[in-house]
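A short worksheet on the structure shown next.
Atoms within each ligand, like the ligands themselves, are counted from 1 in listed order.
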Amino acid sequence: MTGTDRYCVMGHPIAHSRSPWIHARFAALTGELLGYDAQLVALDGFAAAVRQFANAGGRGCNITIPFKHEAAQLADTRSERVAQAGAANTLVLAGGRIHADNTDGLGLVADIEQGAGVPLAGRDVLLIGAGGAAAGALAPLLARAPRRLAVCNRTQARAEALVARHLDLAKLSNTELFALDQKAPEADFDVIINATSSSLAGGGIPVPASVLRPGSLACDMMYGAAAQGFLDWATQHGARARDGLGMLVQQAAESFLLWRGVRPPAGQVLGELRALLAS
Ligand code: ATR
């Protein structure tokens, strides 16, 4: 593989990952010479796997469940986004050092604004969840200056802690940021984002339909069967439903940009991926 830079995605499980396919398309469409594969990493072997990959000449990794928090800690340097979220999905390996970044929230914002065509500035946004996925999204959402950004979560104290950590950023963007009671939210929103793993845990829709306005955009960070319940619920209540496939492709595009300095055509690759999954 002389002349071909190597990248990978590490996770456990990993067989389901679409990232190798997405990055292969980005490479083909931009003319970048790189290889990208999926690595199943033992639950207690993450740090060793990253070092081994770096020592073998690997240039970068995407990191998925359950290693995003460990990736943030392992890095020698980290972006402001990683410091805010406490989680990383992208490692840049150079000069024997590990730099961590987080492109998940950037991908979500790009998909909402460019993919769904909904600018976030001045909008009312509800973020459901307060785990790693929600934490990664909050700072990039605030950077788009919504009017109000509410966070609700099954465990309300976690939503309150997440809000407290971001109040300074909210001031900068002039956004009203607050935690909301998940069972009785008493407000409705332009954009609703499901960042919980409720569907995987066999739970129902975490919020009442009263959070939706006619024509609201309701996004799930998941795609496929895991997102279907939320998407059906949103559609049944007059909202526009959007799964997490666009976020997946957009976060990959942001990682590709970090590694290669070239922005790949994310919209085209999303269209191709949707067609592939539908066939
Ligand atoms: P991730 O990194 O994917 O965000 P996580 O950090 O474990 O994973 O967070 C999972 C999120 O889904 C949390 O917001 C969690 O709520 P709690 O903080 O109360 O645990 C939420 N969640 C998981 N199962 C849920 C369910 N059955 N109903 C509602 N929320 C749920």
dist His237:NE2 -> Ile192:CD1 (nearest 0.5 Å) comes out at 12.0 Å
Separation between CG of Asn62 and NE2 of His23, rounded to the nearest 0.5 Å:
4.5 Å
Does [X] use its side chain to pair, donor to acceptor, with the backbone of [Y] at less than 3.5 Å?
X      : Y      : value
Thr196 : Gly129 : no
Ser199 : Ala227 : no
Asn102 : Ala87  : yes
Asn89  : Thr103 : yes
Gln182 : Asn153 : yes
Ser173 : Leu142 : yes

Please tell me if atom 28 (N) of ligand 1 is touched by the protein, where touching means a protein heavy-atom distance below 4.0 Å.
yes
Nearest protein heavy atom to [atom], by residue and atom, and its distance?
atom                    : answer
atom 23 (C) of ligand 1 : Ser197 OG, 3.4 Å
atom 21 (C) of ligand 1 : Thr196 CB, 3.7 Å
atom 5 (P) of ligand 1  : Gly131 CA, 4.0 Å
atom 3 (O) of ligand 1  : Ala133 CB, 4.2 Å
atom 19 (O) of ligand 1 : Thr155 OG1, 2.5 Å
atom 14 (O) of ligand 1 : Asn153 OD1, 2.7 Å
atom 20 (O) of ligand 1 : Arg154 NH2, 2.9 Å

For [X], take its heavy atoms, then give the atoms of ligand 1 lying under 4.0 Å from any of them.
X      : value
Arg158 : 6 (O), 13 (C), 17 (P), 18 (O), 20 (O)
Gly129 : 14 (O)
Gly203 : 27 (N)

Met221 with Val118, same ILVMFWY side-chain cluster at under 4.5 Å:
yes
Ala130 N/O to ligand 1 N/O under 3.5 Å:
yes
I'd like to check whether Gly132 has a polar contact with ligand 1, where a contact means an N/O of the residue lying under 3.5 Å from an N/O of the ligand.
yes
